[in-house]
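Following: one structure in C-alpha cells, then a few remarks.
What you see below is based on every heavy atom in this structure, not just the backbone, and it leaves out hydrogens, waters and symmetry mates. Positions are given from 1 along the sequence. First listed ligand is number 1; within each ligand, the first listed atom is number 1.
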Amino acid sequence: MTDTTQSSPLVLTGDRPTGPLHLGHYVGSLRQRVTLQDNYPQYILIADLQGLTDNGSQPEKVASNVLEVMADYLAVGIDPLRSTICLQSALPALAELTMLYMNIVTVSRVERNPTVKNEIQQKGFSRSLPAGFLVYPISQAADITAFGADRVPVGDDQLPMIEQTNEIVHKMNSLLPQPVLRHCQALLSPVGRLPGIDGSAKMSKTLGNTLALSASEEQIHKAVSAMYTDPGHLRISDPGKTEGNVVFTYLDAFHPDADKVTAMKAHYQQGGLGDRQCKTELEECLQTLLAPIRERRAKLIADKELLLELLREGSEKAHQHTQKTLHAVKRGLGLPVMF
Ligand code: TRP
C-alpha cells in the first residue's frame, strides 16, 4: 500500500464558483498559483459542492459559474498541463470521506470554528442554518486529505480550516492500523488581503465592492474613479494619509515600480499630490494588467466545449488520485473495498 503520509509536497487550492473571480482573488491567490505550478504538483478545485452549502435554493448561481471560473484560471496563466484543475462534484471520494469524517467531529467543534461562526452571523442564518453549511469545514478537510495535500495556500480567514483538518487527520489516523492521512500547512500569501474599492476590509461580491478580472475598460475606469482615498485630503496642497487609502494599497499591490510608489506616498503625505493624479497612475496599471487577461478570457469563454473538456480531463486524473485515499481509509477502517 502506498503511504500517502510520506510522499513529495503537493499543493491544493480551491474556490467556490459563486461568481467570476476578482482582483482580490488575483492578489491573494491566483498570482501565487501561477508561480507555484513551476515548482510543485498542484491541484486546483472548483468547489461547487461547497458553493451550494449556502446557495441550496439557487443552484444555477453555482452551476453557471463553474466554466466562468475555469476561464478565469486559464486567462490568468494557470496551465492545465502543469496544474490539475478539477470539479468537486465530480469526485465521489470527497463526499464519501466527508461522510466518514462527520462521525469523528462533534457538532460543538464545528460550531466553534471561527470562520464558520462569523459566516453564520454575517449571513444571518440563525435557526435556518443549512446542515451542509455547518459541516463544510469537514468537507474541506476531506478535500485536502483526499488529495494528500500538505501545502494549502489560503487567506488568513481560512486558518481555522487548516487547524480543523489537522485535528481530523490526527483522529482518523489514530483509528487506522497505520497512518493514511497527511498533515497539512497553510501557505499564507505574502501580500495581505486586498480591501474593497470602497475601503471595506474585504472585497466581496455581496458588498458590491469588487473589480472582476473580466471587467471592461469602462468598469475599471469607474471603479478607480469611485475608489476610497483619504476623506480628509480636501485640497491638493493638503497633506494626505496613505494608510487606509485604497488607492495606495492598490498601488502597492499592482504597481511594477515600488520606488515610484514610495516617492508618491512621500509626496502625498507632504501635500501637493492630488487624488486624481494617483488614480490616473493606478488606472494605467490596472488597465495594463487586465487587458490581456480580459482578451484571453473572452476567447476562452467563447469555447465552452473546450473548457469542459479540460475540466473533464483534470477531474478524471483527480478522481483516480482521490479514490486511492478513500480506499486506504476504508481498508484501514476494516470496510470492504468493492470497487
Ligand atoms: N473554502 C475555500 C474558499 O471559500 C474553497 C475551498 C474548498 C478550498 N475546498 C478547498 C480551498 C480545499 C483550499 C483547499 O475559497
Closest approach of any protein heavy atom to [atom], naming residue and atom:
atom: atom 4 (O) of ligand 1; result: R16 NE, 3.3 Å
atom: atom 2 (C) of ligand 1; result: Q50 OE1, 3.6 Å
atom: atom 11 (C) of ligand 1; result: G14 N, 3.5 Å
atom: atom 9 (N) of ligand 1; result: D143 OD2, 2.7 Å

- Numbered atoms and elements of ligand 1 in range of V152, under 4.0 angstrom, heavy atoms: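 Checking each atom against V152, I get 13 (C), 14 (C).
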- Query: In ligand 1, which numbered atoms sit nearer than 4.0 Å to a non-hydrogen atom of A47?
  - Reply: 7 (C)
- Side chains of K317 and T84: do they bring a donor and an acceptor to under 3.5 Å?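 Distance-only check passes for K317 and T84.
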- Message: Please state which option from E119, H25, Q140 has its nearest heavy atom closest to atom 6 (C) of ligand 1.
- Response: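 The nearest heavy atom belongs to Q140.
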- Item | Partner of L45 under side chain to side chain contact (heavy atoms under 4.5 Å, CB included), chosen from T13, I144, L94 |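 Result: among T13, I144, L94, L94 is the only option passing the side chain to side chain contact (heavy atoms under 4.5 Å, CB included) with L45.
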- Query: Can a non-hydrogen atom of Q158 be found less than 4.0 Å from any atom of ligand 1?
  - Reply: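 It does, in that a heavy atom of Q158 comes within the 4.0 Å cut-off of ligand 1.
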For a quick test of reading the model, state the closest non-hydrogen atom pair linking [X] to [Y] and the distance between them.
X: K202; Y: N209; answer: O-ND2, 3.2 Å
X: L159; Y: A186; answer: CD2-CB, 3.5 Å
X: G199; Y: Y228; answer: N-CB, 3.9 Å

- Message: Centroid separation under 6.0 Å, is that true for the rings of H255 and Y250?
- Response: no
- Query: Under 3.5 Å, N or O to N or O, is D15 touching ligand 1 that way?
  - Reply: no
- Message: Counting only heavy atoms from other residues, nucleotides and ligands, does the tally under 6.0 Å from CG of L306 exceed 12?
- Response: yes
